[in-house]
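The next block holds one structure in the form of structure tokens; read it before the comments.
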There are 2 protein chains.
Amino acid sequence: MNWKVIIKMGFQESFKALSDPTRRQIIELLKKQKMTAGEIVEQFQMTGASISHHLSIMKNAGLVTDDKQGKYIYYELNLSVLEEILAWLASLKEEK
Amino acid sequence: MNWKVIIKMGFQESFKALSDPTRRQIIELLKKQKMTAGEIVEQFQMTGASISHHLSIMKNAGLVTDDKQGKYIYYELNLSVLEEILAWLASLKEEK
DNA sequence: TAGACATTTAGATAAATATCTAAATGTATT
DNA sequence: AATACATTTAGATATTTATCTAAATGTCTA
């Protein structure tokens, strides 16, 4: 069996996770395909440790999931968390 | 004439502005009606100076406009800035 | 099993941020 | 004109955050 438990912290964590430009760029990358930590690192001029830190924040916010495959860890976008934020933003326009 | 020039900084500023819980609460308040700085302050346990700081960040992000009327400054929500963010979030789901 | 490789964790540091108090600015009232 | 009121600005401080280097962990391969 291949369980994937997404620990979602909350609204606040999601917004915080989205408020950093590096993390939003990572999201854009993962939009196209899942990638290993190393592949993601290649796209930035930043150490692996820093990217790892960003990935962990995104993971805690429920924005990505990780999938360990031997030496590699694949990161994948989890869009469902965005629904909540999308709904909040939309509600600002709708209701008067 | 009553010009209202909205100085919009950018995507980054908008996200940053939304990432703070106090500022999101202010947005929720202003969703219902425009309010003076003082009325907003009453809703929080925080000094006027701090709220003023938050309001200035929101103003720079284009999220609110201010309207000086004598002693008072009315703050009003400007929803159009949210469109951009809404669109970005939506695009993550749409395009594969 | 020793070394190479992928990634994270620990610890340090600089910059950004939220908050406060006190002072400044501008407007209204008496 | 003097004072009161509404709000912002300035300056200080504590916390958070992004980043780095170095070390630790875990996995593969020769």
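Numbered from 1 within each chain, the chains take letters A, B, ... in sequence-line order. Note that the coordinates shown come from a computational prediction; the quantities given were computed from them, not determined experimentally.
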Going only through I, L, V, M, F, W and Y residues with side-chain contacts under 4.5 Å, is there a path from A:Trp88 to B:Leu86?
-> yes
Roughly how many Å is it from CD1 in A:Ile73 to C1' in D:dT25, rounded to a whole number?
-> 11 Å
What residues 36-43 of chain A contributes to the DNA chain C interface at heavy-atom separation below 4.0 Å is A:Thr36, A:Ala37, A:Gly38
Look at all strands and tell whether B:Phe44 reaches a base, only sugar-phosphate, or nothing, counting heavy atoms closer than 4.0 Å.
-> nothing
Between A:Tyr72 (OH) and C:dT7 (P), how many Å, whole number?
-> 7 Å
Among residues 18-30 of chain B, which residues get a heavy atom nearer than 4.0 Å to DNA chain C?
-> B:Asp20, B:Arg23
For A:Leu18, does its backbone N or O pair with a side-chain atom of A:Arg24 as donor and acceptor, under 3.5 Å?
-> yes
Rounded distance in Å - CD1 (A:Ile57) to C1' (D:dT17) = 8 Å
For B:Gln25, enumerate each residue passing the side-chain hydrogen bond (donor to acceptor under 3.5 Å, both in side chains) test, keeping only those at least two apart in sequence or located in another chain.
-> none
Out of D:dC20, D:dT9, C:dA6, whichever nucleotide has its closest atom nearest the side chain of B:Ser52 = D:dT9
Drop me the distance from A:Met35's CE to A:Leu55's CG, to the nearest 0.5 angstrom.
-> 10.5 Å
Among C:dT8, D:dT17, D:dT19, the one nearest any side-chain atom of A:His54 is D:dT19
Separation of D:dA6 atom C1' from B:Met35 atom CE, nearest Å, is 15 Å
Would you mind reading off the distance between A:Met46 atom CE and D:dC20 atom P, rounded to a whole angstrom?
-> 6 Å
Between CG on residue B:Leu77 and CG on residue B:Leu29, distance to nearest 0.5 Å = 10.5 Å
Verdict with supporting geometry, A:Asp67 and A:Glu76, side-chain contact (heavy atoms from CB on, under 4.5 Å) | CA-CA 8 Å; A:Asp67 183 11; A:Glu76 185 166 10; 5.7 Å; no
Nearest-0.5 Å distance, CG of residue B:Leu82 to CD1 of residue B:Ile27 | 6.5 Å
Got a donor-acceptor contact below 3.5 angstrom from the A:Gln12 side chain to the B:Ser19 backbone?
-> yes
Determine, for nucleotides 21-30 of chain C in 5'-to-3' order, which nucleotides have protein heavy atoms under 4.0 Å from the base (write B), from only the sugar-phosphate (write S), or from neither (write -).
-> BB----SS--
Can you find a side chain N or O atom of B:Lys16 that sits less than 4.0 Å from OP1 or OP2 on C:dT17?
-> yes
Enumerate, atom names and distances included, each donor-acceptor pair closer than 3.5 Å involving a side-chain atom of residues 38-52 of chain A, sequence neighbours excluded.
residue: A:Glu39; atom: OE1; partner: A:Thr36; partner atom: N; Å: 2.9
residue: A:Thr47; atom: OG1; partner: A:Ser50; partner atom: N; Å: 3.2
residue: A:Thr47; atom: OG1; partner: A:Ser50; partner atom: OG; Å: 3.2

From CD of B:Gln12 across to C1' of D:dT17 the rounded distance in Å is 13 Å
Excluding B:Tyr74, membership of its hydrophobic cluster (Ile, Leu, Val, Met, Phe, Trp, Tyr; side-chain heavy atoms within less than 4.5 Å) reads B:Tyr72
How many angstroms lie between NZ in A:Lys16 and NZ in B:Lys16, if you round to the nearest 0.5 Å?
-> 9.0 Å
Reckon B:Tyr75 touches a base, only the sugar-phosphate, or nothing at all at heavy-atom distances under 4.0 Å?
-> sugar-phosphate
Rounded to the nearest 0.5 Å, what separation is found between the CG atom of B:Leu30 and the CG atom of B:Leu79?
-> 10.0 Å
Return the value, rounded to whole Å, for the distance between atom CG of A:Leu55 and atom C1' of D:dA18.
-> 14 Å
How would you label the contact of A:His53 with the nucleic acid (heavy atoms, under 4.0 Å): base, sugar-phosphate, or nothing?
-> base
Taking atom P of D:dT16 as reference, at what distance in whole Å does atom CG of A:Asn60 sit?
-> 16 Å
